[in-house]
Amino acid sequence: MITQLIGFVLLFALAVGLAVPVGRYLSRVFSPEKSADPFDTFDGLLYRIGGIDPNVPMTWRQYAVALLSINGVWLVYGFVMLLTQTAIPIWNQGGVSQMDWTLALNTAISFLTSTNLQHYSGESGATYFTQLLVLTFLQFVAAATSLAVGVAVVRSLKQETSNSVGNFYQDFVRSITRVFLPLSLIGAVGLLYTGVPMTFSPYAAIKTLEGIEQTVATGPVAAMLPIKHLGSNGGGFMGANTAHPFENPSMVSYIIHLINVFLLPMAFVCFVGYFLNRRKLGTIVFTIMTGCWLALTIPIMQQELAGNKAISALGIDQSVAGAPAGNMEGKEARFGVAASAFYAGVNIVIPAGTLTSMHDSYTPLSGLFMLLGMQVDAFYGGVGSGFLYMFLYIILAIFIGSLMIGRTPELLGKKVGIVEIQIASFVIVVLPLLYMGATAIAAVIQNANPDIGWLSNGGPHGFTTMLYEYVSSAGGNGSGFEGLADNTPFWNLSTAVVMLGGRYIPLLAPLAIGGILLAKRYVPPTAGVLPTESWTFGLLLTAVIIIIGALCIFPAAALGPISEFLNQ
């Protein structure tokens, strides 16, 4: 166990060591003084094809319109392709049928919003064509959209007065050509060496040792996995996601996956410090994120290593060779309890949402910490989007702290007005209303129709299963308890609505706040202003996040995981 803990510390240290230079690289990529590089020719070709002038400055409203317009085009493309994948004559490896329209719509929205909530089984629900040219494509553009908006918001915090937050198309294209494509190529090559398949051959039919015919699904798996983790997406090529041995053959691939998940969310915080030339601010935010991530991950690991009380109550010995084995229910035997729980803690806080174990089998309090991590979504969070949530909490903390000392709220030399505070408060309040309102509707339907067949477990655990589905949808995580029959019109359409709200409200609101702040006159901070680059403010910010996050989720958590724990 000590060896594993040392390994986790070294893995985290490696991720941090890589994130710092990548953050500096991001600062150069998105700097207005960026020098010419080999990617410019390719970028120029894309601009000419699209009829785009990347040098036209955009207000935050124009930036938002461009974002929504092109996302709308991709939504239609993804929906049509998934709806007609049977008719596409190439790369249909096993006669995969087309998706029902509600499933196709849910899947297109899911991948477009970087949620990747999969109500289908990867290898049997999508063809090679749609896996690569639809789902992998959407994972690239979804990640680039998040990164572009994150960059625009950080740009709006500079010490200048302007109406332009940048050009969406330029930020978007640079995100793909300078960041996601090169890193995905490196990641794919690394995964190939660990044994991850990359083939277009049809599925293989084999005979097992028992003499049973079995179909073994492979495919161009290595091409999809890097962007799934680098872009905080999470869509699995296989139905079992990263628990599948073809997606995750060994501890080496496990490490590569985790480094990819950590890398860009961490690097973006470093980018904030470099780009704004405010290293202390970046350090404070990074420390808060790391501390809160540990505060969620360590209890998950502790709970799982302690074993499952419900299994012990059945008289089952949860030990191996006299030593506690922990809660092995739903865990991958190749990785064990500690590595599975650590992986879960990372992928809950960072909304890649990939799985090496089944979250439905975790202990009740582990489920509680998972819900908290997804609901706050500011402890590293997604690429760019994690900082956007933190930005909203910073606005609220500045407002609260300034009221406490009787000063006008200011952020980095810009006065924070009532409109900015209202927008931030609206987002923090409306998202819990979104997922808890949807959970309430589902609970009412389930209670009125107990034989509807949605849940494999009743009581508090069944409630947690439904709550988890919607929190995961709103937070862009995409993982699920898997005790839910989710491929039904109700779940496909209701989670689609929650995913859209959970994606675009937190993207556009910080963009609006940034645009409003950028247009204001910069005033050098005085001694009477609440200093944001101080550890005292860092403590206040942490308290605001914990209090608001706990208050938002507590009523629902009391009915779900807390009730299940108390009744064990």
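- For the pair Ser253 (side chain) and Ser250 (backbone), a donor-acceptor distance under 3.5 Å is present.
- Ser479 and Tyr468 share a side-chain donor-acceptor pair at under 3.5 Å.
- Taken to the nearest 0.5 Å, the CG atom of Leu258 stands 6.0 Å off from the CZ atom of Phe342.
- When the shell of 6.0 Å around CZ of Phe490 is examined, it contains more than 12 heavy atoms from other residues, nucleotides or ligands.
- For the pair Leu183/Leu264, a side-chain contact is recorded, criterion being any heavy-atom separation below 4.5 Å from C-beta on.
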Can you check side chain to side chain contact (heavy atoms under 4.5 Å, CB included) on Leu11 and Phe8, steps first, answer last? CA-CA 5 Å; Leu11 190 153; Phe8 297 147; 5.5 Å; no
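- Looking at Ser114 and Asn233, their side chains do bring a donor and an acceptor atom within 3.5 Å of each other.
- Minimum interatomic distance between Gly239 and Ser121 (heavy atoms only, all atoms of both residues): CA-OG, 3.6 Å.
- Put simply, the side chain of Pro220 reaches to within 4.5 Å of the side chain of Phe237, judged on heavy atoms.
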For Tyr120 and Asn487, what are the C-alpha separation, side-chain angles and deciding distance, and is it a side chain to side chain contact (heavy atoms under 4.5 Å, CB included)? CA-CA 7 Å; Tyr120 67 97; Asn487 185 17; 5.7 Å; no
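- Donor-acceptor pairing under 3.5 Å is lacking for the side chains of Thr242 and Asn248.
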Test side chain to side chain contact (heavy atoms under 4.5 Å, CB included) on Val272 and Arg278 and set out the steps. CA-CA 8 Å; Val272 172; Arg278 294 180 179 272; over 6 Å; no
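- We find the CD1-CE distance between Ile288 and Met390 to be 5.5 Å, quoted to the nearest 0.5 Å.
- Residues Phe30 and Phe275 keep their aromatic ring centres 6.0 Å or farther apart.
- For the pair Ser110 (side chain) and Leu117 (backbone), a donor-acceptor distance under 3.5 Å is present.
- Val151 places none of its side-chain heavy atoms less than 4.5 Å from the side chain of Arg174.
- For the 3.5 Å distance criterion, the side chains of Thr495 and Asn106 qualify, holding a donor opposite an acceptor.
- What you find for Thr488 and Ala485 is that their closest heavy atoms are CG2-O, 3.6 Å.
- What you find for Leu467 and Ala556 is that their closest heavy atoms are CD2-CB, 3.7 Å.
- For His461 and Phe481, the ring centers are positioned less than 6.0 Å apart.
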Walk me through it: do Tyr254 and Phe335 pass the test ring pair (Phe, Tyr, Trp, His ring centres under 6.0 Å)? CA-CA 9 Å; Tyr254 172 96; Phe335 303 123; 5.4 Å; yes
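- From Asp486, atom CG reaches atom OG of Ser494 across 10.0 Å, with rounding to the nearest 0.5 Å.
- Atom CG in Asp377 sits 9.0 Å away from atom CG in Leu431 (nearest 0.5 Å).
- Closest of all the heavy-atom pairs between Ala15 and Leu263 is O-CD1, 4.5 Å.
- At a threshold of 4.5 Å between non-hydrogen side-chain atoms, the residues Leu5 and Met301 count as touching.
- Residue Trp293 holds its CH2 atom at 6.0 Å from OH of Tyr380, rounded to the nearest 0.5 Å.
- Taking the six-membered ring for Trp and thresholds of 30 and 60 degrees, His244 and Phe246 have ring planes inclined between 30 and 60 degrees apart.
- For Thr136 (side chain) and Gln131 (main-chain N/O), a donor-acceptor pair under 3.5 Å exists by modelled atom type.
- A centroid separation of less than 6.0 Å is found between the aromatic rings of Phe268 and Phe271.
- Counting heavy atoms from C-beta outward, Tyr504 and Thr113 have side chains that approach closer than 4.5 Å.
- None of Thr290, Ile348, Ile350, Ile545 except one satisfies the side chain to side chain contact (heavy atoms under 4.5 Å, CB included) rule with Phe379; the exception is Ile545.
- Between Met289 and Ala378 the shortest heavy-atom distance is CE-O, 3.3 Å.
- Residues Thr439 and Phe463 form a side-chain contact, since some pair of their non-hydrogen atoms from C-beta on lies under 4.5 Å apart.
- Counting heavy atoms from C-beta outward, Leu14 and Leu10 have side chains that stay 4.5 Å or more apart.
- Gln375 places no side-chain N or O within donor-acceptor distance of the main-chain N or O of Gly475, the cut-off being under 3.5 Å.
- Here the CD atom belonging to Glu247 is positioned 10.0 Å from the CG atom belonging to Leu355, to the nearest 0.5 angstrom.
- Residues Ser366 and Glu304 have side chains that bring a donor and an acceptor to within less than 3.5 angstrom of each other.
- Not one N or O on the side chain of Glu332 forms a donor-acceptor pair closer than 3.5 Å with the backbone of Ala339.
- Just one of Ile395, Val153, Val154, Ile505 meets the side chain to side chain contact (heavy atoms under 4.5 Å, CB included) condition when paired with Pro510; it is Val153.
- With contacts defined as side-chain heavy-atom distances shorter than 4.5 Å, the pair Phe180/Ser175 qualifies.
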So Tyr77 and Leu133, side chain to side chain contact (heavy atoms under 4.5 Å, CB included) or not? Walk me through it. CA-CA 10 Å; Tyr77 164 74; Leu133 298 185; 4.1 Å; yes
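- Aromatic ring pairs are classed by plane angle as parallel below 30°, tilted from 30° to 60° and perpendicular above 60°; the pair Trp491 and Trp454 is perpendicular.
- Between Arg503 and Ser385, the side chains place no donor N or O within less than 3.5 Å of an acceptor N or O (distance only, hydrogens not considered).
- The backbone N or O of Ala243 sits nowhere less than 3.5 Å from a side-chain atom of Thr356 that would complete a donor-acceptor pair.
- With no hydrogens or angles considered, no side-chain donor-acceptor pair links Thr107 and Gln118 at under 3.5 Å.
- Listed here is the closest heavy atom pair of Ala144 and Ile176: CB-CG1, 3.5 Å.
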